[in-house]
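As structure tokens, the structure follows; a few thoughts come after it.
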2 protein chains.
Amino acid sequence: MRVKDENKEKSIREKAMEMIVQEGFDGLSMQKLALAAGVSPATIYIYFKNRADLLNQLFNEVEETFTKVTLADFSPEMSFKEGLWLQWKNRLKFIIDYPIHYRFHEQFRNSPLINHSDIKITPFKENMKAFVQHAVKRGEMQKVDPEIYWSIAFGTFYSLVRFHLHEKSMMNNDFKLTEHKMRQAFEMMIKSFKI
Amino acid sequence: MRVKDENKEKSIREKAMEMIVQEGFDGLSMQKLALAAGVSPATIYIYFKNRADLLNQLFNEVEETFTKVTLADFSPEMSFKEGLWLQWKNRLKFIIDYPIHYRFHEQFRNSPLINHSDIKITPFKENMKAFVQHAVKRGEMQKVDPEIYWSIAFGTFYSLVRFHLHEKSMMNNDFKLTEHKMRQAFEMMIKSFKI
DNA sequence: TCTATAAGTGAATGAATATTCATTTATATT
DNA sequence: AATATAAATGAATATTCATTCACTTATAGA
């Protein structure tokens, strides 16, 4: 039998994400996508059940990559400060290495599509839960509702990223959120957790 | 001459926002909108130049309301802590009083449409700039790049809101981010600014 | 080399899309 | 009451849409 050309699927996935990032969800039509990916419209339906399935698969792909990058070198036993800083660095790495993934993800999670989608659960939450439990046990932080320290630790980070994305264009490669500035923000933020 | 029926425009605006919040940008078609608003498709084009103009006008309307609510009772001369807390309360009020506006705004600002739109400048930034200048002069906070304290102060807030929106449904009226919990997060967050 | 089979296709389908236009309707002014 | 005028309309237009289908192509195993 004829063998599957993996470049085809990859091309479809890549172009789809690019189109969505550049033109939004209503900018993605199957025919335009097929054209951009150098493929027949019908071919898309070999790899994806339909348009919604394509979007869901893209989202899951992004989540997978995100989890992989973010958890690199991370261990729940790390000290609170060290672990959080690694998370910041990893997340920034993801944003820089996969800018289109990142923008697609931001767009998707703020859209109502997220409700209709069947998203896989990432191993992420459990990891972070254990991380905090260790930190509390060691007395490195107060015991408060998880959403509170989450919000301080990552809300600050993403807001910082956002500021840099809005001023300059990440796409034009002038996305320079220096480690120095990140560290400065981090050192201030981390004071929140002083007991 | 025949007089303009203001209910018609209001209905179009409201239904459009609802549809976008519920189904996303590609869920908004002019014909469905006309049907929902109880109006002929052609009527929409009396009030809006085209689809893009409609979206932009909606966004500007939201920004206007947002600015009004957020700056209520606010003065740049307030102490840093007091002023920030008022901002948190005002922003929460906006989210609770105008849930659809809020969700529309979140969706819009994360979409590529934001680049093509001609958005009016809000009096917001200048207000906040003055606010921080006063605080620095009074020695209530360190002098750092604005994006840093912005990120800590509001990144934390919006992240907290987001947590509550994802768990429960704001639409179902069980959006209960209590002032107590907000205050708890605020007290931790504000420690970042201790000199 | 032949064959079975899944990959891949271009053209077609009917539904939905944004926008326009000739026409009707309501009202402020005369 | 008559008129001028802009609001409002329903139907029509030409595109574009997601998806399907009958067909062709490539290749693994015989």
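Just so you know, these numbers come straight off a predicted model, no measurement behind them. Lettering of chains follows the sequences in order, A, B, ..., and the numbering in each one begins at 1.
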Open item on the list: Tell me whether the rings of B:His105 and B:Phe66 are parallel (<30°), tilted (30 to 60°) or perpendicular (>60°).
Closed with: parallel

Open item on the list: Ring-plane angle category for B:Trp150 and A:Phe163, please: parallel below 30°, perpendicular beyond 60°, tilted otherwise.
Closed with: parallel

With no hydrogens and no angle check, just 3.5 Å: does a side-chain donor-acceptor pair link [X] and [Y]?
{"X": "A:Ser75", "Y": "A:Glu77", "answer": "yes"}
{"X": "A:Gln57", "Y": "A:Asp53", "answer": "yes"}
{"X": "B:Arg103", "Y": "B:Gln107", "answer": "no"}

Open item on the list: Applying side chain to side chain contact (heavy atoms under 4.5 Å, CB included), can you list everything that pairs with B:Ser111, at least two apart in sequence or on another chain?
Closed with: B:Phe25, B:Leu113

Open item on the list: With a 4.0 Å cut-off on N to O distance, would you call A:Arg13 and A:Glu9 a salt bridge?
Closed with: yes

Open item on the list: Check this for me, if you would: do A:Arg51 and B:Asp26 make a salt bridge, where the nitrogen-to-carboxylate-oxygen distance has to be below 4.0 angstrom?
Closed with: yes

Task: Partner set under ring-ring contact (aromatic ring centres under 6.0 Å, His included) for A:Phe74, not counting sequence neighbours - done: A:Phe131

Sort me out a list of protein N/O and nucleotides 15-18 of chain D N/O pairs below 3.5 Å, or just none if empty.
unit_1 : atom_1 : unit_2  : atom_2 : d
D:dA18 : OP1    : A:Leu28 : O      : 3.3
D:dA18 : OP1    : A:Arg51 : NE     : 3.1
D:dA18 : OP2    : A:Met30 : N      : 2.5
D:dA18 : N7     : A:Gln31 : NE2    : 3.1
D:dA18 : N6     : A:Gln31 : NE2    : 3.3

TODO: Scan residues 9-20 of chain A against DNA chain C and write down, sorted by residue number, each residue with any heavy atom closer than 4.0 Å; if none is found, say none.
DONE: none

- [ ] At under 4.0 Å between heavy atoms, which parts of nucleotides 2-11 of chain D does protein reach? Answer with one letter per nucleotide, 5' to 3': B base, S sugar-phosphate only, - none.
- [x] --BBBBBBB-

Open item on the list: For B:Glu187 and B:Arg183: C-alpha separation, side-chain torsions, deciding distance, then whether salt bridge (charged side-chain N to carboxylate O under 4.0 Å, His left out) applies.
Closed with: CA-CA 6 Å; B:Glu187 290 293 347; B:Arg183 188 69 205 192; 2.7 Å; yes

Task: Rounded distance (Å) that lies between atom P of D:dT20 and atom CZ of A:Phe48 - done: 16 Å

TODO: Please give the angle, rounded to 10 degrees, between the axes at the start and the end of the helix from C:dT1-D:dA30 to C:dT30-D:dA1, where five pairs define each axis.
DONE: 10°

Open item on the list: Quick check: closest heavy atoms across B:Leu160 and A:Glu147, and the distance to 0.1 Å?
Closed with: CD1-O, 3.8 Å

Task: Aromatic ring proximity A:Phe104/A:Phe108, centre distance under 6.0 Å - done: yes

